[in-house]
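Numbers restart at 1 for each chain; the letters A, B, ... are given by sequence-line order, proteins then strands. The basis for the numbers below is simple: all heavy atoms, side chains too, and nothing from hydrogens, waters or symmetry mates.
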Amino acid sequence: MTIENFFAKATTDIITQNLLGHELLYQSPKGVVGGLIVEAESYMGIKDSAAHSFQGRRSPSNEALYGPAGTIYIYSIYGHYMFDIATQAAGEPQGILIRALQPTQGEKIMEQNRHLNGYNLTNGPGKLMAALGINSFALNQQLLSQSPLSVSPQRKKEPRRIIAAPRVNVSAGAWQNRPLRFYVAGNPYVSGTAKRSWELSTWGWLN
DNA sequence: CGAAAGATCCCCT
DNA sequence: GGGGATCTTTCGA
């Protein structure tokens, strides 16, 4: 099973839920860094009012969304870099925004990249990219399997419970309240969650 | 060419 | 929980 086979086999919202617990790794110049995916959002393509490809919008900056499943889509907003993966066949511009990681590799390097430590290291889409040390568009439009970024083809850990909620900072449009944000319940690296909701014995995993 | 919006972050109360 | 920083992209004149 390759990571490309993992995608394009279901609807993007199902793929997003199945992606939780997979390990994202980056072969960075300073060493291997990465962690388990604990939070992600689905963007459902031309009919989704919050998607960059809404109504078929297409330009050099979002071209990666139109690539085959497993294509890396990097964009920037407010001076921060974000990491998406195209999930469907070429020409069907749907994708997943990776929003938070639980560090498993190179935590020291990530702390140096971020100049801080603790749960704030990777609990947001811009934060995790800064922690990995990615601050350019160099990997945009590359295939995951042919780049220094990789996602494990299967789960490393099973979420005990997955919560679905409206997407973060999607505040207008017909799809603004759709529950397309998915995260591991109780994991302290999920962005914007309250301390009292954290499960610090299991971090939300079954194994 | 200027302006405004935006899938965010950090620091302060 | 709120406001300012920051900067790329897009759209309208």
Side-chain angles (χ1 to χ4, degrees), chain A residues 7 11-13 15-17 19-20 24 35 37-67 71-88 92-103 110-141 144 149 151 162-184 188-197:
Chain A
F7 298 115
T11 54
T12 297
D13 53 336
I15 297 172
T16 308
Q17 295 168 68
L19 193 60
L20 299 176
L24 170 69
I37 297 169
V38 297
E39 178 184 3
E41 289 177 350
S42 309
Y43 286 86
M44 305 298 286
I46 58 178
K47 61 188 185 301
D48 180 351
S49 58
H52 290 169
S53 53
F54 180 48
Q55 293 179 331
R57 280 200 304 252
R58 186 169 188 165
S59 72
S61 59
N62 73 356
E63 184 61 29
L65 276 177
Y66 289 81
T71 301
I72 295 168
Y73 171 38
I74 294 176
Y75 71 95
S76 86
I77 188 168
Y78 293 93
H80 304 280
Y81 289 91
M82 308 289 142
F83 172 45
D84 286 46
I85 305 169
T87 50
Q88 300 294 341
E92 182 55 52
Q94 304 185 26
I96 296 174
L97 169 67
I98 308 299
R99 288 194 53 89
L101 299 177
Q102 172 188 322
M110 294 196 283
E111 289 172 355
Q112 289 164 15
N113 287 341
R114 288 269 294 139
H115 305 293
L116 57 75
N117 55 24
Y119 300 129
N120 284 332
L121 193 59
T122 49
N123 66 343
K127 298 178 189 182
L128 73 89
M129 287 292 267
L132 296 176
I134 298 175
N135 50 16
S136 80
F137 294 104
L139 301 177
N140 190 36
Q141 285 191 263
L144 269 182
L149 268 173
V151 174
I162 293 172
I163 294 184
R167 292 168 291 185
V168 175
N169 278 328
V170 171
S171 54
W175 283 51
Q176 68 176 113
N177 293 321
R178 298 271 186 134
L180 292 172
R181 172 193 182 210
F182 301 99
Y183 60 89
V184 178
Y189 283 93
V190 176
S191 68
T193 50
K195 264 186 189 168
R196 66 173 178 280
S197 71

Here the distance between atom C1' of C:dT8 and atom OH of A:Y81, to the nearest Å, is 9 Å
Taking only the side-chain nitrogens and oxygens of A:N169, find out if one of them lies under 4.0 Å from OP1 or OP2 of B:dA7.
no
When rounded to whole Å, the CG to P distance for the pair A:N135 and B:dC9 reads 15 Å
Atom CD of A:Q55 and atom P of C:dC11 are separated, to the nearest Å, by 11 Å
Extract all donor-acceptor atom pairs below 3.5 Å that involve side chains of residues 169-180 of chain A and protein atoms in other chains or at least two apart in sequence.
unit_1	atom_1	unit_2	atom_2	d
A:W175	NE1	A:K47	O	3.1
A:Q176	NE2	A:S171	O	3.2

To the nearest angstrom, the CD-P distance between A:Q176 and B:dG6 comes to 12 Å
Between NE2 of A:H52 and P of B:dT8 the distance, given in whole Å, is 9 Å
From the list A:L97, A:T16, A:L65, side chain to side chain contact (heavy atoms under 4.5 Å, CB included) with A:Y43 holds only for A:L97
Does the ring centre of A:Y81 sit less than 6.0 Å away from the ring centre of A:F137? yes
*asked:* Could you walk me through whether A:L132 and A:N113 satisfy the side chain to side chain contact (heavy atoms under 4.5 Å, CB included) test, starting with their C-alpha distance in whole Å, then the side-chain angles of each, then the deciding distance to 0.1 Å, before giving a yes or no?
replied: CA-CA 7 Å; A:L132 296 176; A:N113 287 341; 6.0 Å; no
From the candidates C:dT10, B:dA7, B:dC9, the one with an atom nearest any side-chain atom of A:S61 is C:dT10
Residue pair A:I77/A:S191 against DNA chain B: nearer the 5' end by closest nucleotide is A:I77
So, does A:R99 get its side chain near the phosphate of B:dT8, meaning an N or O under 4.0 Å from OP1 or OP2? yes
**Asked** Heavy atoms under 4.0 Å, any strand shown: does A:D84 hit a base, just sugar-phosphate, or nothing?
**Response** base
Next item on the list: Give a yes or no answer on whether the side chain of A:R167 reaches the backbone of A:S42 with a donor-acceptor pair at less than 3.5 Å.
Entry: yes
Dot-bracket for DNA chain B, 5' to 3', Watson-Crick and G-U pairs with both distances under 3.5 Å, [ ] for crossing pairs, | for partner on another strand, reads ||||||.|||||.
From CZ of A:R167 across to P of B:dT8 the rounded distance in Å is 11 Å
note: A:I74, atom CD1; C:dT8, atom P; distance rounded to Å ~ 15 Å
Separation of B:dA7 atom C1' from A:H80 atom NE2, nearest Å, is 13 Å
Hey, is the side chain of A:R114 poking within less than 4.0 Å of OP1 or OP2 on B:dC10, counting only N and O atoms?
-> yes
Q | A:K127 side chain near A:L116 side chain, heavy-atom distance below 4.5 Å | A | no
Among the nucleotides C:dA5, B:dA7, B:dC9, whichever has the atom closest to the side chain of A:Y78 is C:dA5
Closest heavy-atom pair, A:M110 versus A:L121, reported as atoms and distance to 0.1 Å, is O-CD1, 3.6 Å
#### Entry: Phosphate contact (C:dT9 OP1 or OP2) by A:S59 side-chain N/O below 4.0 Å
no
Check: Could one point to a donor on the side chain of A:Y75 or the base of B:dA7 with an acceptor on the other under 3.5 Å away?
Finding: yes
